[in-house]
Amino acid sequence: AHFEQINAVTSGVAELRRVVEEARGRRDMYGKRSILFIDEIHRFNKAQQDALLPAVEDGTVVLIGATTENPFFEVNSALVSRSRVFQLHALTDEDVAEVMRRALADPERGLGRVKVAVDDDAFAHIVRIAAGDARSALNALELAVATTDPDAGGTHRITLAAAEESIQRRALAYDRQGDQHYDTISAFIKSVRGSDPDAALYWMARMIYAGEDPMFIARRLIILASEDIGNADPMGIVVATAVAGAVEQVGMPEGRIPLAQAVTYLASAPKSNASYLAVDAAMKDVEEKKIGGVPLHLRNAPAKGMADLGYGRGYKYPHDFAGGLAEQEYLPPELAGAQYYRPKDIGFEKTVQERLAARPGKGKRNRAEGAKEPKADP
């Protein structure tokens, strides 16, 4: 088949018509098929895309369109419905490394005719910064060799400094599976917890620059919003989850902007770990203490026979009482009076504290005898 390539950025309807007419002539006169490859096809407007339909439908051309956008949104549904859509994903780091190794060894299409020695840290830096883009890695490798003078033995030795120059990114001591990864995320979380937005932004910037998965950062912020802020500012978890969705939608590098919004909001918010300590204390009681069944007045009684057995008997419907509060025990008898959640006198939790203090029978709500206070996060 005859192959023709055009770019939607620089082409218009006139060129499309020319390509289609020539393809029709080759088919009618020589029985030869034509393949038309359109790069950045989403840049064609609706009229230009519609102009392709007849030629695609009657087989005048076999159309291959490439786009960096979602074709289901950016390409006419009529074209998409007549096409098979393939989604291309970024290569893995090992894929990129293999492409570079082949380029270094191939004497015809690569650098095999030149003596090249690439230091391990330089090789790893190019792979990491390429971020799944083999073309970027190959361009950097070729530039590094071209700009490095050979030594006395004729070998072009690519150092980390040369690799940095070739890809115009500084290498950071950061291993996504090693100590730097865990040390940096630890410094990041502790900066947010410590209400220092500037330090938190710095550590986040280091992670982003080094190629950390932005969704990993977003997930840690969601955890922090509950663990370290909780009800002191209930909007914290709302902001964190919304930003995680935003990062997933827009990707990088723009994703750094909503991430920065979440970091600065959470770092500036009042802090409370009361919810975190409360659930751990409750989990400890569930694990260690002997606990009976659900008290009868709290049980469900969907059938009359169950009600006759006492299920639901004595339950006080809170909405029937002033303020929607009824004095009754909701814990099992073995834990009557236990207190897990101790809201702090800070932020919105101060209001929560006042609301809980106003409950009927509040004086009974003391920690069960012999129970220990929940320990602080080490």
Side-chain angles (χ1 to χ4, degrees), residues 1-96 98-99 102 109 129-139 208 211 213-219 241-259 261:
H2 174 81
F3 182 85
E4 184 134 8
Q5 177 176 346
I6 63 176
N7 191 304
V9 176
T10 56
S11 302
V13 173
E15 185 167 5
L16 280 177
R17 288 173 177 164
R18 175 191 63 79
V19 170
V20 169
E21 287 303 316
E22 292 178 357
R24 185 171 287 113
R26 279 188 293 271
R27 182 192 62 183
D28 295 344
M29 295 182 65
Y30 308 109
K32 191 172 187 178
R33 303 170 69 215
S34 297
I35 298 173
L36 172 60
F37 177 77
I38 303 178
D39 201 9
E40 305 289 343
I41 192 171
H42 64 276
R43 298 293 291 270
F44 275 156
N45 60 35
K46 186 178 185 300
Q48 290 169 313
Q49 293 182 28
D50 285 343
L52 285 166
L53 273 176
V56 171
E57 286 186 326
D58 65 14
T60 301
V61 296
V62 175
L63 174 65
I64 302 175
T67 172
T68 55
E69 305 297 324
N70 188 330
F72 295 101
F73 294 115
E74 301 297 333
V75 179
N76 286 1
S77 58
L79 273 180
V80 172
S81 67
R82 291 163 174 77
S83 307
R84 180 172 295 177
V85 178
F86 296 89
Q87 185 176 4
L88 306 181
H89 299 278
L91 299 176
T92 65
D93 285 354
E94 182 51 41
D95 291 334
V96 175
E98 178 60 25
V99 169
R102 290 180 185 177
R109 297 178 299 167
I129 300 303
D133 186 340
R135 177 168 51 186
S136 176
L138 290 175
N139 287 342
I208 291 174
D213 179 7
M215 288 307 298
F216 168 74
I217 300 173
R219 287 191 295 270
T241 52
V243 164
V247 172
E248 189 173 27
Q249 289 291 321
V250 305
M252 295 298 279
E254 290 83 358
R256 75 191 190 284
I257 302 170
L259 277 175
Q261 179 183 354

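What you see is a predicted model, and the numbers here were worked out from it, not measured in a lab.
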From CA spacing to verdict: salt bridge (Lys or Arg N to Asp or Glu O under 4.0 Å), Glu4, Arg18: CA-CA 11 Å; Glu4 184 134 8; Arg18 175 191 63 79; 3.2 Å; yes

Are the side chains of [X] and [Y] in touch, meaning some heavy atoms are under 4.5 Å apart?
| X | Y | result |
| --- | --- | --- |
| Val99 | Val96 | no |
| Leu63 | Ile38 | yes |
| Ile35 | His2 | no |
| Leu259 | Pro214 | yes |
| Glu21 | Leu16 | no |
| Glu98 | Leu91 | no |

Only pairs at least two apart or in different chains count here, so list each side chain to side chain donor-acceptor pair (under 3.5 Å) that has a residue in residues 246-255. none

Does any pair with a residue in residues 80-90 pass side chain to side chain donor-acceptor pair (under 3.5 Å), and if so which ones, sequence neighbours excluded?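 Listed by first then second residue: Glu57-Arg82.
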
For the student: nearest non-hydrogen atoms of [X] and [Y], plus distance:
| X | Y | value |
| --- | --- | --- |
| Phe37 | Ala66 | CZ-CB, 3.8 Å |
| Thr60 | Val20 | CG2-O, 3.7 Å |
| Arg256 | Pro253 | NH1-O, 2.9 Å |
| Leu53 | Ala78 | CD1-CB, 3.7 Å |
| Val75 | Leu79 | CG1-CB, 4.0 Å |

Tell me, with the steps shown, if Phe3 and Val62 meet side chain to side chain contact (heavy atoms under 4.5 Å, CB included). CA-CA 9 Å; Phe3 182 85; Val62 175; over 6 Å; no

Kindly determine whether Asp58 and Arg24 satisfy side chain to side chain contact (heavy atoms under 4.5 Å, CB included), including the steps that lead there. CA-CA 10 Å; Asp58 65 14; Arg24 185 171 287 113; 3.9 Å; yes

Is there any salt bridge (charged side-chain N to carboxylate O under 4.0 Å, His left out) pair reaching into residues 31-49, and which pairs are they, with sequence neighbours excluded? Lys46-Asp50

Would you say Glu74's side chain and Pro71's backbone share a donor-acceptor pair under 3.5 angstrom?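 No, Glu74 side chain to Pro71 backbone: no donor-acceptor pair under 3.5 Å.
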
Under the side chain to side chain contact (heavy atoms under 4.5 Å, CB included) criterion, do Leu52 and Asn76 qualify, and how do the steps go? CA-CA 11 Å; Leu52 285 166; Asn76 286 1; over 6 Å; no

Tell me, with the steps shown, if Arg219 and Asp213 meet side chain to side chain contact (heavy atoms under 4.5 Å, CB included). CA-CA 10 Å; Arg219 287 191 295 270; Asp213 179 7; 4.1 Å; yes

Establish, from distance only, whether the side-chain atoms of Asn139 and Ser136 form a donor-acceptor pair under 3.5 Å.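 Judged by distance alone, the side chains do not pair up.
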
Say you draw a straight line from CZ of Phe44 to CD1 of Ile6; how long is it, rounded to the nearest 0.5 Å? 4.5 Å

Between the CE atom in Met215 and the CE atom in Met252, the distance rounded to the nearest 0.5 Å is 11.5 Å

Assess whether atom CZ of Arg17 is packed by more than 12 heavy atoms of other residues, nucleotides or ligands within 6.0 Å.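 No, the 6.0 Å shell around CZ holds no more than 12 heavy atoms from other groups.
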
